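Remember, it's a predicted structure, so these values are computed and weren't measured experimentally. Numbering of residues begins at 1 and proceeds along the displayed sequence. We use all heavy atoms of the structure for the numbers below, so side chains are in, but hydrogens, waters and symmetry mates are not.
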Amino acid sequence: MDLVQLQRQLVDYRTSLYHEGFLDEQFTQLQSLQDENNPDFVVEVVSLFFKDSERLLNELSKALEQQIIDFKRMDAQVHQLKGSSSSIGAHRVQKLCIVFRNYCEAQNVEGCLKCLQQVKHEYGSIKTKLESMFQVNLGPILYQCSKLVSGIDSPFCFFECQLEQQILNAGGSIPV
């Protein structure tokens with residue numbers, strides 16, 4: 001595969017995440033904050049999003065298993081998930097959280113259970129897609145597991161992207 005095809009493949013993958021509604025313009029804004037002084041900024045922010053989202057989803061699951069459900073607390077947790085999803089541009093998760101909050105406000109257990117499953121599904125999808133994109137984006141940078149991101153191991157450690165490595169080896173630059 002030649003250089004232009006490799007670069008095009010990388011750009012197409014990123015673009016598909018926007019067109020399919022997984023990401024919105026906020027993710028572009030987040031990427032614009034990354035520079036040579038902080039080359040891991042987006043990975044660090046998204047890693048924190050993953051950690052926080054998994055904690056919140058676990059807490060929401062446990063809350064819905066209780067005999068007496070604290071809908072006010074659940075609403076606060078869903079609000080937090082909505083905010084963090086919005087801050088990284090995880091569009092589908094953020095939109096589902098709006099619906100989920102409505103069910104919390106109405107104290108609708110079945111609606112909350114249904115929304116929780118949908119949010120978990122969309123969260124899993126965006127996590128997989130972002131991890132794939134970072135493997136493509138980060139290129140030949142090898143992350144060491146000893147590197148901590150705000151006290152947690154980065155889920156993007158020990159990989160080298162073949163696609164970007166091929167682009168660099170062919171004398172090209174990574175498209176932004």
Between [X] and [Y], is there shared hydrophobic-cluster membership here, with clusters defined by ILVMFWY side-chain heavy atoms closer than 4.5 Å?
| X | Y | answer |
| --- | --- | --- |
| Y103 | L56 | no |
| L23 | F41 | yes |
| F49 | I98 | no |
| L30 | L17 | yes |
| F27 | V45 | yes |

Going from [atom1] on [X] to [atom2] on [Y], what distance comes out if it is rounded to the nearest 0.5 angstrom?
| X | Y | atom1 | atom2 | value |
| --- | --- | --- | --- | --- |
| T28 | L33 | OG1 | CG | 11.0 Å |
| L60 | E65 | CG | CD | 11.0 Å |
| D40 | N38 | CG | CG | 7.0 Å |
| S84 | F50 | OG | CZ | 11.0 Å |

For residues 73-83, dump all side-chain donor-acceptor pairs below 3.5 Å to protein atoms at least two apart in sequence or in another chain.
{"from": "D75", "atom 1": "OD1", "to": "R101", "atom 2": "NE", "distance (Å)": "2.8"}
{"from": "D75", "atom 1": "OD2", "to": "R101", "atom 2": "NH2", "distance (Å)": "3.0"}
{"from": "Q77", "atom 1": "NE2", "to": "E59", "atom 2": "OE1", "distance (Å)": "2.7"}
{"from": "H79", "atom 1": "ND1", "to": "R101", "atom 2": "NH1", "distance (Å)": "2.9"}

Pairs of donor and acceptor atoms involving the side chains of residues 104-120, under 3.5 Å and at least two apart or interchain, shall be tabulated with distances.
{"from": "N108", "atom 1": "OD1", "to": "E110", "atom 2": "N", "distance (Å)": "3.2"}
{"from": "N108", "atom 1": "OD1", "to": "G111", "atom 2": "N", "distance (Å)": "2.7"}
{"from": "K120", "atom 1": "NZ", "to": "S61", "atom 2": "OG", "distance (Å)": "2.7"}

Subject >> For the student: nearest non-hydrogen atoms of S125 and F22, plus distance >> reply: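 Reported closest heavy-atom pair: CB-CE2, 3.7 Å.
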Original post:
Do you know which two heavy atoms are closest between G21 and H91, and how far apart they sit?
Top reply: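 So the two residues come closest at O-CB, 3.4 Å.
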Original post:
Is K127 salt-bridged to E54, going by a charged N under 4.0 Å from an acidic O?
Top reply: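 A salt bridge links K127 with E54.
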Original post:
So, S85 versus Y123: side-chain donor-acceptor pair below 3.5 Å or not?
Top reply: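 Not at all, the side chains of S85 and Y123 share no donor-acceptor pair under 3.5 Å.
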**OP:** Please step through side-chain contact (heavy atoms from CB on, under 4.5 Å) for the pair K129 and E20, ending with a clear verdict.
**Re:** CA-CA 11 Å; K129 302 249 183 221; E20 294 173 21; 4.2 Å; yes
Original post:
Between the side chain of Q34 and the main-chain N/O of V42, is any donor-acceptor distance below 3.5 Å?
Top reply: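 Answer holds: yes.
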